[in-house]
Amino acid sequence: QVQLVESGGGLVTTGGSLRLSCVASGVTFTRYAWGWFRQAPGKEREFVATITRVGGGTNYADNVKGRFSISRDTAKNTVYLQMNSLKPEDTAVYYCAADRGLVLRRADDVEYWGKGTLVTVSS
């Protein structure tokens with residue numbers, strides 16, 4: 001079965017950093033575009049970052065650009081999200097996601113979701 005398991009969430013103060021990991025199993029890692037989405041209470045799930053299936057290009061939501069960085073390690077079937085300069089508005093459950101398209105920017109396109117990891121940024 002396909003599993004995406006996130007880890008690395010936690011509590012951090014404003015300006016701090018966290019590194020999220022997503023370990024995938026049951027899929028051929030290189031056949032998917034990968035991304036991160038997040039959902040805060042009362043809000044829709046929103047796009048955060050993606051890395052393309054071919055070439056490994058990256059793209060970010062405007063409100064995290066310059067602070068977050070997505071990367072992947074094919075040998076480890078793992079996607080990472082490095083989050084720096086965290087703000088209280090970054091508080092959300094962060095979800096790893098996979099899709100067979102070249103890029104992944106829309107939640108509706110996601111084929112597989114992780115269960116999420118909670119990131120809380122205190123002021």
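Note: hydrogens, waters and symmetry copies are ignored here, and every other heavy atom, side chains too, is used. For reference, positions follow the sequence shown, starting with 1.
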[Y] side chain reached by [X] side chain, heavy atoms, under 4.5 Å:
X	Y	result
T14	P88	yes
Y94	L118	no
V93	E6	no
T78	F29	no
I70	V79	yes
E46	N63	yes
S17	Q82	yes

Kindly state each residue pair satisfying disulfide bond (SG atoms under 2.5 Å apart) with at least one member in residues 15-123, sequence neighbours excluded. C22-C96

Going by salt bridge (charged side-chain N to carboxylate O under 4.0 Å, His left out), name the pairs with one or both residues in residues 59-74, residues two or more places apart or in two chains. D62-K65, R67-D90

Side-chain donor-acceptor pairs under 3.5 Å in residues 47-54, sequence neighbours left out?
residue	atom	partner	partner atom	Å
T50	OG1	W34	O	2.9
T50	OG1	L104	N	3.3
T50	OG1	L104	O	2.9
T52	OG1	V54	O	2.9
T52	OG1	G56	N	3.2
T52	OG1	G57	N	2.9
R53	NE	R100	O	3.3

Show your reasoning for whether side chain to side chain contact (heavy atoms under 4.5 Å, CB included) applies to L20 and T117. CA-CA 8 Å; L20 306 184; T117 185; 4.0 Å; yes

So if you build clusters from Ile, Leu, Val, Met, Phe, Trp, Tyr with side-chain heavy-atom gaps below 4.5 Å, do W36 and L86 land together?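 Yes.
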
Only counting residues at least two apart or in another chain, list the ones meeting side-chain contact (heavy atoms from CB on, under 4.5 Å) with S71. Y80

Under the side-chain contact (heavy atoms from CB on, under 4.5 Å) test, residues paired with V2 that sit two or more places apart: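 Result, side-chain contact (heavy atoms from CB on, under 4.5 Å) vs V2: L4, V27, Y112.
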
How far does [atom1] of [X] sit from [atom2] of [Y], to the nearest 0.5 angstrom?
X	Y	atom1	atom2	value
F68	L81	CZ	CG	6.0 Å
S7	K115	OG	NZ	13.5 Å
S25	Q1	OG	CD	6.5 Å
L18	M83	CG	CE	4.5 Å

Please name the pair of heavy atoms, one in [X] and one in [Y], separated by the smallest distance, quoted to 0.1 Å.
X	Y	answer
G9	V119	CA-CG2, 4.1 Å
Y60	S69	OH-CA, 3.3 Å
L102	A33	O-CB, 3.6 Å

E44, CD atom: more than 12 neighbouring heavy atoms under 6.0 Å: no

Non-neighbouring partners of Q39 that pass side chain to side chain donor-acceptor pair (under 3.5 Å), sequence neighbours left out: R45

